[in-house]
Amino acid sequence: MIRSTEAHAARLEAARTLVEDVLIPAEARMDAEDRMPDAARAALRAHGLFGISIPDAFGGLGLTMEEEAGLMLVLGRAAPAYRAVYALNSGGAAQILLRAGSKAQKAQWLPGLASGSRIACFCLSEPEAGSDAAALQTTARREGEGWRLDGRKRWVTNAPEAGMLMVMARTGGEGARGISAFAIDPATPGIHIQPAQSKMGMRGALTADIVFENARIPADALVGAEGDGLKLALAGLDKVRLHLAALSAGLMERLIDEGRAHALRRRQFGKPLADQPAIGALLADSAAEALAARCMALELARARDDGTLRPADAAAAKLFATEALGRVADRVLQVHGGEGYMTGSAVERLYRDVRLLRILDGTSEIQRLVVARGLFSA
């Protein structure tokens with residue numbers, strides 16, 4: 001649902017200017033330094049992107065799913081590390097607060113998340129709990145008037161810059177029903193953020209483990225009912241999957257433009273690469289998949305807005321778009337030949353970046369399970 005076509009068009013035009021004038025020019029520096037340039041971060045904040053899905057009552061943009069998908073198709077043209085920094089603020093942490101947080105918790109956390117003055121982290125994965133999230137072992141035990149938190153979280157995006165942690169911890173027995181959600185200040189004694197980890201791609205979006213060692217947190221850090229943490233986390237997955245499908249479609253379109261420009265510029269056998277049928281075929285297959293991903297993201301975003309989205313369809317969109325993105329990145333690198341393989345080229349950077357999207361927020365294997373479950377339960 002697009003609430004105002006004029007406002008939406010203006011937002012998309014502003015995003016295009018941001019991408020072309022600020023974000024893409026800063027990509028090489030961000031990749032080389034593994035740090036988002038201050039000017040780029042300030043621009044993301046100025047455009048309100050830390051609060052994409054947070055209601056305007058808390059200072060966010062409060063976009064519908066269709067509006068968000070349209071915006072991500074544009075913003076997806078820039079390196080996905082940017083998205084990893086800003087979108088998590090209005091993603092898992094904010095959505096759990098909006099779904100189950102108390103009035104006081106929402107007032108405490110959401111305005112800072114929406115403005116980007118606080119950076120949110122979603123703490124779920126552990127050394128022995130990745131796709132099998134219900135196997136997590138971090139514990140929160142009642143102690144006095146509050147809780148004592150112990151355990152270790154792995155691969156926490158934005159951890160070195162954290163201003164708020166949404167932590168999933170075991171408060172009861174085994175399995176999913178024993179897990180609760182906690183909104184926590186990372187400055188709490190006993191919370192130790194480990195050094196940033198080096199990654200294959202997504203450089204600029206910092207990732208680190210977090211160790212909880214006898215960390216005492218107040219009783220009101222619990223979000224929602226005890227034992228509902230994993231249910232709250234999973235409830236927002238369809239939104240995340242559509243967001244990533246739209247992002248992936250935008251990235252495909254960026255890669256295709258890189259390939260098209262190179263094919264028109266580069267000459268072999270006395271003529272531009274664009275005149276070679278094999279090169280045209282690589283880009284044509286890529287264009288077809290990009291268009292399919294774009295259509296899926298927008299159509300299913302409308303379905304989510306009107307309440308008819310099936311979880312299996314959201315999983316299918318994420319599965320198709322991220323897998324297709326990997327194929328497009330590979331084809332476009334092939335179009336560039338040796339130049340595309342050289343460190344520092346845009347295609348080489350994006351090739352490394354996009355590989356994570358088949359793992360992030362549910363692997364392709366998990367998406368296939370969800371799609372199959374939808375088929376057999378229909």
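Computed from a predicted model, the values in this text were never measured in an experiment.
R310 places no side-chain N or O within 3.5 Å of a backbone atom of D313 that could act as its donor or acceptor partner. Looking at S364, its side chain never comes within 3.5 Å of a backbone N or O of L319 through a donor-acceptor pair. Put simply, the side chain of E323 never gets that close to the backbone of F320: no donor and acceptor are under 3.5 Å apart. Under a 3.5 Å cut-off, the side chain of R170 and the backbone N or O of A140 do not form any donor-acceptor pair. Side-chain atoms of K318 come within 3.5 Å of backbone atoms of L357 as a donor-acceptor pair (strictly under, hydrogens ignored). Side-chain N or O atoms of D353 include one that pairs as donor or acceptor with a backbone N or O of M202 at under 3.5 Å. Checked by atom type and distance alone, the side chain of T207 never pairs as donor or acceptor with a backbone atom of W155 at under 3.5 Å. Looking only at distances, no side-chain donor or acceptor of R154 sits under 3.5 Å from a matching main-chain atom of E126. Side chain of Q137 to backbone of A135: a donor-acceptor contact under 3.5 angstrom is found. Side-chain N or O atoms of D31 include none that pairs as donor or acceptor with a backbone N or O of G204 at under 3.5 Å.
The heavy-atom pair separating N89 from A94 by the smallest distance is O-CB, 3.1 Å. Residues A169 and F182 come closest through the heavy atom pair CB-CE1, 4.2 Å. Here the closest non-hydrogen pair linking A245 and A317 is CB-O, 3.7 Å. Of all the heavy atoms in P186 and A162, the pair that sits closest is CG-O, 3.4 Å. For A81 against R203, the heavy-atom pair with the smallest separation is CB-O, 3.6 Å. Of all non-hydrogen atoms in V22 and A40, the two that sit nearest each other are CG1-CA, 4.0 Å.
Heavy atoms of other residues, nucleotides or ligands lying less than 6.0 angstrom from CD of E213 number 12 at most. Counting heavy atoms of neighbouring residues, nucleotides and ligands inside a 6.0 Å radius, atom CD of Q334 does not exceed 12 of them. Counting non-hydrogen atoms of other residues, nucleotides and ligands closer than 6.0 Å to NZ of K199 gives a total above 12. The number of heavy atoms from other shown groups lying within 6.0 Å of CD (E128) does not exceed 12.
Between the side chains of S53 and E68, at least one donor N or O sits under 3.5 Å from an acceptor N or O.
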- Task: Determine, stepwise, if the pair K153 / V167 fulfils side-chain contact (heavy atoms from CB on, under 4.5 Å).
- Result: CA-CA 9 Å; K153 294 296 181 180; V167 180; 4.2 Å; yes
- Mind running salt bridge (Lys or Arg N to Asp or Glu O under 4.0 Å) on R254 and E27 for me, showing each step along the way? CA-CA 13 Å; R254 161 76 183 284; E27 285 178 351; 3.0 Å; yes
- Task: Show the numbers, then the answer: is there a salt bridge (Lys or Arg N to Asp or Glu O under 4.0 Å) between E339 and R266?
- Result: CA-CA 11 Å; E339 181 179 319; R266 174 78 164 152; 5.7 Å; no
- R216/N214 under side-chain contact (heavy atoms from CB on, under 4.5 Å): CA gap, chis, key distance, verdict: CA-CA 6 Å; R216 287 172 167 78; N214 197 27; 2.8 Å; yes
- List the steps and the verdict of salt bridge (Lys or Arg N to Asp or Glu O under 4.0 Å) for D361 and R358. CA-CA 9 Å; D361 291 309; R358 284 181 269 167; over 6 Å; no
- Apply the test side-chain contact (heavy atoms from CB on, under 4.5 Å) to residues L298 and L73: give CA-CA distance (whole Å), side-chain angles for both, the deciding distance (0.1 Å), then the verdict. CA-CA 9 Å; L298 290 173; L73 286 166; 3.9 Å; yes
- Any chance you could lay out the salt bridge (Lys or Arg N to Asp or Glu O under 4.0 Å) test for D257 and R77, step after step, and finish with the verdict? CA-CA 10 Å; D257 283 351; R77 295 180 62 86; 2.7 Å; yes
- Message: Using the rule given for side-chain contact (heavy atoms from CB on, under 4.5 Å), can you reason through L222 versus S180, listing the C-alpha separation, both sets of side-chain angles and the distance that settles it, and then say yes or no?
- Response: CA-CA 7 Å; L222 176 68; S180 301; 3.7 Å; yes
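Using a 4.5 Å heavy-atom cutoff, the side chains of Y82 and L44 are in contact. Contact check for D228 versus R177: side-chain heavy atoms found under the 4.5 Å cut-off. For the pair I184/M164, no side-chain contact is recorded, criterion being any heavy-atom separation below 4.5 Å from C-beta on. Taking the side chain as every heavy atom from C-beta outward, L255 and S286 never approach each other to under 4.5 Å.
The structure places OG of S248 at 11.0 Å from CE of M296, a figure rounded to the nearest 0.5 Å.
Taking the charged nitrogens against the carboxylate oxygens, R304 and E299 have no contact shorter than 4.0 Å, which rules out a salt bridge. Ion pairing between E253 and R294 holds under the 4.0 Å rule for side-chain N and carboxylate O.
Hydrophobic clustering (side-chain heavy atoms under 4.5 Å, transitive across Ile, Leu, Val, Met, Phe, Trp, Tyr) groups L165 together with I217.
F50 and Y86 have perpendicular rings, their planes meeting at more than 60° on a 0 to 90° scale where under 30° would count as parallel.
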